[in-house]
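Order of the sequence lines sets the chain letters (A, B, ...), proteins ahead of strands, with each chain counted from 1. All values below come from the heavy atoms of this structure, side chains included, with hydrogens, waters and symmetry mates left out.
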Amino acid sequence: MFRPYQPKDNVQKKAYYTDRFLVVPEVPKLPVEDSVSAKHISAVAGKFEVLESYMQRDNVVMIVNAKEVKSVLTVLKEEGYTVLSEMSAVDFIAQKGGYEVFYQLLNMSVAKRIRVKCFIKEGEAVESVQSVFRAADWSEREMYDMFGIHVVNHPCLKRILLPEDWHGYPLNKTYPLQGDETAQWYEIDMIYGKEYRDIIGPEQRDAAYVNEEDTRNFSRLGHEVAFGEEASQEITPIRYQEDDKPLFVKRMRPEETKERNDKSWHTKEGVK
Amino acid sequence: MAQHEVNYLQQGGLPIMLTTVDKLVNWGRSNSLWFFTFGLACCAIEMMASGAGRFDFDRYGIIFRASPRQSEVIVISGTVTKKYAPFIRRLYDQMAEPKWVISMGSCSNTGGMFNTYSTVQGVDRIIPVDIYLPGCAPRPETLQYAALMLQQKIRRESMNRKISSKRFV
Ligand code: SF4
């Protein structure tokens with residue numbers, strides 16, 4: 001059987017890859033066997049609902065309700081997990097219609113880590129854990145900056161990495177890699193104003209663009225011409241001092257220079 | 001006055017120079033290029049190396065000054081993010097005329113490998129550039145060559161060159 005013919009001009013420009021044979025590797029979820037971690041999980045499970053708990057790559061993962069995250073982290077802090085080493089979110093809008101927020105904790109006294117996860121629907125907010133872990137302050141701001149997830153009771157919820165007047169949330173999977181329109185014109189709009197867009201022109205985003213004739217963007221080595229002039233085959237001499245130098249400037253003549261050939265100063269024995 | 005007598009004919013020639021004012025001024029300008037101490041990313045490390053002992057830019061009269069008011073060359077050495085672009089423009093505007101710009105490395109030439117939403121695709125979108133240095137990162141010798149090229153460029157232009165407008169284009 002033949003596959004239907006598809007025109008193949010410009011094939012590099014189009015995405016032709018499909019994930020027909022792609023099998024996404026999944027890290028196996030194992031039961032929690034080690035007794036110390038199991039004790040910590042049961043300390044949480046006694047008070048709050050633990051939806052799921054398992055081991056993944058030697059890490060304990062615990063999934064709880066988003067409403068109870070702050071209380072769960074408080075309990076875990078009492079159990080000895082005193083360091084919040086990382087927290088952020090993952091965009092699952094296409095698959096599940098929301099974000100997965102995770103908190104990675106470290107217990108220094110028993111050398112254990114635990115990952116607390118919760119799921120929020122798009123548009124929902126999470127409670128700030130900044131009063132439990134100070135480290136969450138900037139991480140929550142980053143989460144807000146990158147995903148647009150609102151954090152309730154945060155002391156100063158504003159963008160941390162991007163400028164405050166930025167539009168859109170870049171770590172969302174729907175955000176275009178090269179930016180939306182405001183992102184693409186951001187610096188022009190900021191510095192010159194929107195009316196300069198036409199003068200300066202759009203960004204050149206084609207990384208494979210090469211054109212020898214285009215002397216505004218390229219310069220041929222050995223055949224350099226001035227900006228915007230027509231490309232030429234003539235060889236541009238490489239020299240330092242021009243011919244019409246001022247009379248008082250001495251010119252270096254290569255034949256009068258001496259080569260220094262005492263190599264002792266960079267031998268292993270050191271400077272002599 | 002010195003007490004001893006100097007015989008100019010024997011010791012270094014007559015104290016007379018034959019030149020045009022243009023050439024004299026440009027000779028002075030091109031041999032005392034003061035760079036702005038200003039780095040953005042990894043390329044700045046190479047720029048620092050160029051200023052330090054091994055490559056020794058001081059011998060060209062290139063001295064790094066820590067204020068835009070005192071410097072005449074700004075080396076855009078690194079990735080220009082969109083958040084940072086307005087500040088670069090402001091620093092450039094604060095420099096006194098005459099001023100020149102060296103764009104160092106792929107990032108500031110074209111955005112380089114950062115073909116992303118947050119990087120300015122070429123610093124010449126916001127300030128006029130005199131010399132573009134290819135490389136990631138260019139070695140100090142490349143920056144040195146660029147400095148020599150810039151000196152040549154300065155010597156070619158007129159002393160009363162047009163002052164660039166505050167606003168680009
Ligand atoms: S051109 Fe390369 S070395 Fe220079 S700032 Fe960019 S990534 Fe760093």
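B:Ser103 and B:Asn109 share a side-chain donor-acceptor pair at under 3.5 Å. For the residue pair B:Tyr132 / A:Asn217, no side-chain donor-acceptor distance below 3.5 Å is found, with atom types taken as modelled.
Ring geometry for B:Phe57 versus B:Tyr60: interplanar angle over 60°, hence perpendicular rather than tilted (30 to 60°).
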Under 3.5 Å, side-chain donor or acceptor atoms of residues 144-151 of chain A against the rest of the protein: list the pairs with distances, not counting sequence neighbours.
from     : atom 1 : to       : atom 2 : distance (Å)
A:Asp145 : OD1    : A:Arg159 : NH1    : 2.7
A:Asp145 : OD2    : A:Ile160 : N      : 3.2
A:Asp145 : OD2    : A:Leu161 : N      : 2.7
A:Asp145 : OD2    : A:Leu162 : N      : 3.0

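Most heavy-atom pairs under 4.5 Å with chain B: of the set A:Ser219, A:Gly168, A:Pro202, this distinction falls to A:Pro202. Of the listed residues (B:Thr110, B:Asn26, B:Asn115), the greatest number of heavy-atom pairs within a distance under 4.5 Å of chain A belongs to B:Asn115.
Applying the ring pair (Phe, Tyr, Trp, His ring centres under 6.0 Å) test to A:Tyr186 and every residue at least two apart in sequence or in another chain returns A:Trp166. With sequence neighbours excluded, the residues satisfying salt bridge (Lys or Arg N to Asp or Glu O under 4.0 Å) with A:Lys158 are A:Glu164.
Residues of residues 67-83 of chain B that come within less than 4.5 angstrom of chain A, heavy atom to heavy atom, are B:Lys82, B:Lys83 in numerical order.
Salt-bridge formation is not detected for the pair A:Asp137/A:Arg141: no Lys NZ or Arg NE/NH1/NH2 atom is positioned less than 4.0 Å from an Asp or Glu carboxylate oxygen.
Contact annotation for A:Gln204: only backbone heavy atoms (N, CA, C, O) come within less than 4.5 Å of a heavy atom of chain B.
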